[in-house]
Amino acid sequence: MSRTTTTRASRVLNTVFAPAIRGRDDPAGAWAKAVAQADEELGVQDPELADSIGRVFASIVEEPRLTPLGWFFALSVVRDRYANRLRIKKVLAEHPEAAAEQIKNPVFVLGLPRTATTLTHKVLAASPEHRGPRAWEMTFTGLEDPEVARRESKRFDQNIKIVTRLFAPGLKHIHPIRAEDPEESLVLMPHGTFWPLFHGSMHSYRDWYANRSEAELAGDYECLKQGLQVLQHGREPKRWILKYPAHLNDMPVIKKVFPDATFVWTHRDPATVVGSACSLVETLWAPYQREPDPREVGRLIMESMVTWVDNALEARLSLPPSSIVDVPYHALSHDPHTEVPRLYSAIGATWTESDAAQLDQVLARPAGTRQHKYHMARYGLQQAQVEEAFAPYLRLLKGFDSLDAQPTADL
């Protein structure tokens, strides 16, 4: 059973950063300064966007366990998200033809965390006919420029290496991240249920987000669409393969913004995944908080995941059956050479000999990683409690054969 603790590097840097961070007692002023710097650098302004994304930073700094280093990270991450949205706006203003790019038949891979969404995304994005947005290009989104690509890809990998070595060493085993790999589409969105999973419970932000209108939610996905349009403009159009577990929560909204979207829903018994999801969130919180509370993590995961699944089950009743492709975890993990070609066929893609030849390489665990070990009891959760909370979803899962028994490690 794993336990996430604050690393020695974090403790040292928290001591160093504590007196050096100016403005910690004035988060609104610190955010206004960060916005002004981004506006000046990019020559674009968006006060409404600055105000809404500023809510993210304001909520993070309310966390009672927030460290000086966490304060610095929060300001940097939120500021970069704002700056990238300005970058996309600038490209669209200077190249209005980019806004006419057609995002045709995108695939959204979704499902509870730790149900092979990453693996499914990876095998679908590997096709020459498909494209998954790469990690670095969602943080620095622009038109094709090989020099910029080399620079930003290198910078991204260097930053991830620092984070995983010094502040969150467990992350490379739970969710390896590399600049050139396809990554979760949340990075192109200003708002979503993802922010608390990375930074803390963020109660004020979650309350604000829960009361947003359908139009505001659609606006987040319009931002995603605009990012994809910029990344597609001037390049060979391919079918976008997108992924984020909590897209479960927004399937009807996604359909309004992307009417021809196909959903690939990965399935696994919730009792086998909540511990793993909790462990991931605890690892993500560690650079921001002094000794994250595992039970607080457990409460957030249960509240979030039950909501996502309940909303997805309701959406499933009204969406065209042909727009949802179900992928049981056990089938994909036990027999990928049968399941992956079936999946390609189900989304209307062509499975080729070239795809078959590279499948084992695509499936291979990244070098230097090991199995992720966890147990949900650490987070105050019991199997019976999970089964009761997910009862409606478990009824759906009865339609799939051979649900896997509770493990202590992921693939």
Side-chain angles (χ1 to χ4, degrees), residues 107-125 132 173-176 182-186 193-194 197 241-251 254 262-281 283-284 297-298 300-313 315-316 324-336 339-340 342-343 346-347 362-363 365 371-376 379 381 383 386-387 389-411:
V107 173
F108 284 79
V109 179
L110 42 75
L112 291 177
R114 323 310 293 166
T115 60
T117 54
T118 297
L119 178 60
T120 303
H121 187 212
K122 192 175 177 182
V123 298
L124 289 177
H173 306 297
I174 305 173
H175 186 87
E183 196 42 76
E184 295 185 337
S185 46
L186 64 90
T193 57
F194 51 83
L197 301 180
I241 309 296
L242 308 168
K243 172 249 177 178
Y244 176 51
H247 285 324
L248 274 174
N249 200 53
D250 301 322
M251 293 165 74
I254 292 171
T262 296
F263 300 109
V264 173
W265 187 347
T266 58
H267 297 284
R268 193 178 182 188
D269 186 341
T272 71
V273 302
V274 293
S276 179
C278 287
S279 178
L280 172 59
V281 168
T283 299
L284 293 170
V297 172
L300 174 67
I301 284 295
M302 286 296 292
E303 291 172 11
S304 300
M305 287 173 41
V306 170
T307 299
W308 300 346
V309 166
D310 286 350
N311 286 339
L313 290 174
R316 192 180 179 108
I324 302 176
V325 177
D326 295 301
V327 179
Y329 175 91
H330 71 275
L332 181 62
S333 60
H334 293 172
D335 191 6
E339 185 64 13
V340 174
R342 184 201 73 81
L343 176 55
I347 66 169
V362 173
L363 294 172
R365 181 185 295 274
Q371 282 190 331
H372 170 211
K373 297 184 178 181
Y374 53 86
H375 200 290
M376 64 179 170
Y379 304 96
L381 303 175
Q383 182 162 338
V386 174
E387 290 176 348
F390 285 96
Y393 180 54
L394 288 170
R395 287 194 287 272
L396 172 67
L397 295 191
K398 287 181 179 179
F400 306 121
D401 296 328
S402 306
L403 282 175
D404 45 348
Q406 182 169 343
T408 57
D410 288 327
L411 290 176

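Values below: every heavy atom of this structure, side chains too, minus hydrogens, waters and symmetry copies.
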What I'd like to find out is whether the side chain of [X] reaches to under 4.5 Å of the side chain of [Y], using heavy atoms alone.
X	Y	answer
Val309	Leu313	yes
Met305	Ile301	yes
His247	Trp265	no
Arg316	Asp326	yes

Atom pair [atom1] ([X]) and [atom2] ([Y]), whose distance is rounded to the nearest 0.5 Å:
X	Y	atom1	atom2	answer
Thr266	Leu248	OG1	CG	7.5 Å
Arg114	Ser279	CZ	OG	8.0 Å
Trp308	Leu112	CH2	CG	8.0 Å
His267	Leu394	NE2	CG	12.0 Å
His334	Tyr329	NE2	OH	7.5 Å
Thr118	Glu183	OG1	CD	7.0 Å

What's the shortest heavy-atom distance between [X] and [Y], and which atoms?
X	Y	value
Ala315	Met251	CB-CB, 4.1 Å
Ile347	Val264	CG2-CG2, 3.8 Å
Tyr393	Pro270	CD2-CG, 3.6 Å
Cys278	Leu381	SG-CD1, 4.0 Å
Tyr244	Glu184	CD1-OE1, 3.5 Å
Ala271	Gln383	CB-CG, 3.9 Å

TODO: With sequence neighbours left out, write down each residue that passes side chain to side chain donor-acceptor pair (under 3.5 Å) with Thr120, or none if nothing qualifies.
DONE: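 With sequence neighbours excluded, Thr120 shows a side chain to side chain donor-acceptor pair (under 3.5 Å) to no residue whatsoever.
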
Open item on the list: Test your reading of the model: is there a side-chain donor-acceptor pair from Thr307 to the backbone of Glu303, 3.5 Å cut-off?
Closed with: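 Such a contact is found between Thr307 side chain and Glu303 backbone.
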
- [ ] Apply ring pair (Phe, Tyr, Trp, His ring centres under 6.0 Å) to Phe263 and list each qualifying residue two or more places apart in sequence or on a separate chain.
- [x]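 Here no residue qualifies.
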
- [ ] Sequence neighbours left out, what passes side-chain contact (heavy atoms from CB on, under 4.5 Å) with Pro182? Give chain and number order.
- [x]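 For Pro182, the residues satisfying side-chain contact (heavy atoms from CB on, under 4.5 Å) (neighbours in sequence not counted) are His121, Ala125.
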
